[in-house]
Colleague: 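Just dropping this structure here.
The model shown is predicted, which means the values in this text are computed figures rather than measured ones. Order of the sequence lines sets the chain letters (A, B, ...), proteins ahead of strands, with each chain counted from 1.
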Amino acid sequence: MAEKPIEPIHQFQIHDYVPFGDIGGAHFAFTNSALLMVITVLVVSGILLIPTAAQRLVPTRGQLIAEQLFGFVRDMVESTAGHDAMKFFPLVFTLFTFILVSNWLGMLPYSFTVASHIIVTACLAVLVFLIVVIYGFARNGLKFFKLFVPSGIPWFIIWLVVPIEIISFLSRPVSHSLRLWGNMLAGHIVLKVFGGMVVGLASVGALGAVAAILPLGMAVALTGLEVLVGGLQAFVFAVLTCVYLHDAIHPGH
Amino acid sequence: MANPRDTKRPESGDDGTSPTGDLAARIARAQAERPKAVAQPADVGGTVSGANRAFRLASEFVAAIIVGAGLGYVIDLVAGTKPWAMVILLLLGFAAGVLNVVRSAAAMNAASAVPPGTPAMPDDDDD
């Protein structure tokens with residue numbers, strides 16, 4: 001352990017478990033990332049389905065957790081995106097629980113943080129973006145373009161404002177995915193750096209072992225912070241999804 | 001749950017009337033009292049920490065610049081107008097980034113209520 005150089009980004013490596021071979025030049029395999037996603041879906045399904053299988057008027061503990069989670073996301077969708085957006089509640093609920101549980105599962109030792117790869121968060125953000133665009137056009141038709149033309153702008157400014165608004169709109173999936181990915185990646189790297197300091201100092205000698213208490217304390221504190229960040233980022237991702245859905249339903253600021 | 005009648009264990013209604021007998025009616029009443037949905041996208045960031053707000057603003061700014069530059073690069077490749085579309089769209093991307101930041105900051109400010117007793121204007125009397 002001590003001979004190996006400490007690599008803070010080693011934890012993000014993808015390993016193939018079941019390779020499917022190359023299809024059309026692209027490499028397909030069942031990886032550790034995919035395994036964690038499957039486990040996440042199983043955990044979420046288990047938490048929600050098992051306690052609510054036999055619904056009781058006075059809820060059990062498990063049923064209460066499921067109901068509270070449900071109510072929390074429902075209030076978020078209703079207050080942020082409006083009542084018309086409730087048909088997207090399953091989407092927001094799925095995104096929220098998936099990100100939340102995968103972030104928290106990623107905190108376990110020897111686990112893998114799914115959201116630390118930008119392709120995962122980008123896929124989720126692009127999914128939301130495409131739903132907003134497609135549903136926005138389906139519901140509002142060409143009125144959806146009002147999103148890019150703020151009202152009350154003089155004609156000589158409008159040709160400058162519209163491209164800016166379009167770029168601003170197109171930047172949504174980028175910032176949407178960057179935020180979750182950046183938070184998870186940076187947090188786990190910092191955690192590993194402090195963990196590496198503990199190992200490095202402890203291998204020096206008795207004095208080093210005493211000094212290693214300092215980074216160990218930081219690692220403990222950062223672990224708590226990472227749990228908080230994981231929950232917070234799942235919440236922020238879901239809230240922003242609601243905000244974007246609100247724009248799809250009510251274009252025009 | 002805060003019903004004073006529910007002092008004994010629930011679901012043990014041995015006096016004939018189950019304590020949860022009128023629960024369906026109570027749920028219906030509570031649902032009727034639920035406030036109608038008010039759209040307030042300004043809620044974003046109201047409950048998040050300072051570092052998270054900072055990261056949010058930074059990512060919105062950077063994202064717009066990346067999109068502007070990337071869009072310009074693609075237009076240059078397609079139209080063969082080598083540097084110009086990228087230059088113009090990069091600048092527009094900066095503008096869009098500022099717009100994003102201003103919008104997010106406004107939403108955050110609207111979400112975080114002003115504490116009562118705060119003067120409307122900063123007090124510039126240095127006494």
Colleague: Can you measure from CD1 (A:I47) to CD1 (A:I65) and round to the nearest 0.5 angstrom?
Modeller: 7.5 Å
Colleague: As an exercise: rank A:V161, A:L178, A:N183 by heavy-atom pairs under 4.5 Å with chain B and give me the winner.
Modeller: A:N183
Colleague: Side chain, backbone, both or neither: which part of B:L71 has an atom under 4.5 Å from a heavy atom of chain A?
Modeller: side chain
Colleague: Once the angle between the rings of A:H250 and A:H246 is folded into 0 to 90°, is it parallel (under 30°), tilted (30 to 60°) or perpendicular (over 60°)?
Modeller: tilted
Colleague: Can you tell me if B:N100 and A:S175 form a side-chain donor-acceptor pair at under 3.5 Å?
Modeller: no
Colleague: Taking everything shown except A:I119 itself, do over 12 heavy atoms lie less than 6.0 Å from its CD1?
Modeller: no
Colleague: Using a 4.5 angstrom heavy-atom cutoff, name the option from A:D84, A:L160, A:L170, A:I166 with the most pairs to chain B.
Modeller: A:L170
Colleague: Please report the closest heavy-atom contact between A:H117 and A:F12, naming both atoms and the distance.
Modeller: NE2-O, 2.8 Å
Colleague: Here's a test for you: under ring-ring contact (aromatic ring centres under 6.0 Å, His included), which of A:F237, A:F89, A:F72 qualifies with A:F96?
Modeller: A:F72
Colleague: Do A:V132 and A:F88 have side-chain heavy atoms sitting under 4.5 Å apart?
Modeller: no
Colleague: Do any of residues 58-66 of chain B have a heavy atom less than 4.5 Å from a heavy atom of chain A, and if so, which, in residue order?
Modeller: B:S59, B:E60, B:A63, B:A64, B:I66
